[in-house]
**Q** 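The structure's right below; bear with me while I get my questions together.
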Amino acid sequence: MDVSLILGVVGPVVTIVTILGTTLYWLGGKFKEIEMRFKEINEHFRQIDERFKQIDKRFEEIDERFEKSMRDSISWRRT
């Protein structure tokens with residue numbers, strides 16, 4: 001085989017492999033960045049869910065106080 005033929009084949013192959021390697025490395029970094037952003041979003045949703053749980057608990061307490069107040073008011077009027 002002629003050396004120029006080998007270099008003619010090896011040169012473009014090395015170039016393509018280098019481009020692919022660089023592109024895959026870059027994509028890996030982008031996917032890592034996207035994954036970190038999703039983790040941040042999940043944390044924000046967790047905090048929002050916790051806040052909603054606190055609000056629900058507060059509404060339950062208010063409902064209980066209102067019901068008790070209504071029962072007390074009704075029983076007071078009966079006497």
**Q** At what distance, to the nearest 0.5 angstrom, does CD of Glu67 lie from CZ of Arg65?
**A**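 Atom-to-atom, Glu67:CD and Arg65:CZ are 12.5 Å apart.
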**Q** Any chance you could measure Arg37, atom CZ, to Asn42, atom CG, to the nearest 0.5 Å?
**A**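 Reported value, rounded in 0.5 Å steps: 14.5 Å.
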**Q** For a 4.5 angstrom cut-off between non-hydrogen side-chain atoms, does Glu40 reach Glu43?
**A** no
**Q** Within this structure, what is the CG-CD distance for the pair Asp56 and Gln54, rounded to the nearest 0.5 Å?
**A** 10.5 Å
**Q** Quick one: do Asp49 and Lys53 satisfy salt bridge (charged side-chain N to carboxylate O under 4.0 Å, His left out)? Show the steps, please.
**A** CA-CA 6 Å; Asp49 285 343; Lys53 287 177 186 176; over 6 Å; no
**Q** Could you grab the distance from atom CZ of Phe52 to atom CZ of Phe59, nearest 0.5 Å is fine?
**A** 10.5 Å
**Q** Kindly indicate, with the supporting measurements, whether the criterion salt bridge (charged side-chain N to carboxylate O under 4.0 Å, His left out) is fulfilled by Glu61 and Arg58.
**A** CA-CA 5 Å; Glu61 292 171 356; Arg58 184 71 178 134; 3.4 Å; yes
**Q** Could you pull out all donor-acceptor pairs under 3.5 Å where a side-chain atom in residues 10-23 meets a protein atom, sequence neighbours excluded?
**A**
{"residue": "Thr15", "atom": "OG1", "partner": "Gly11", "partner atom": "O", "Å": "2.9"}
{"residue": "Thr18", "atom": "OG1", "partner": "Val14", "partner atom": "O", "Å": "2.7"}
{"residue": "Thr22", "atom": "OG1", "partner": "Thr18", "partner atom": "O", "Å": "2.8"}
{"residue": "Thr23", "atom": "OG1", "partner": "Ile19", "partner atom": "O", "Å": "2.7"}

**Q** Taking NZ, NE, NH1 and NH2 as the nitrogens, is one of them in Glu64 or Lys68 under 4.0 Å from a carboxylate oxygen of the other?
**A** no
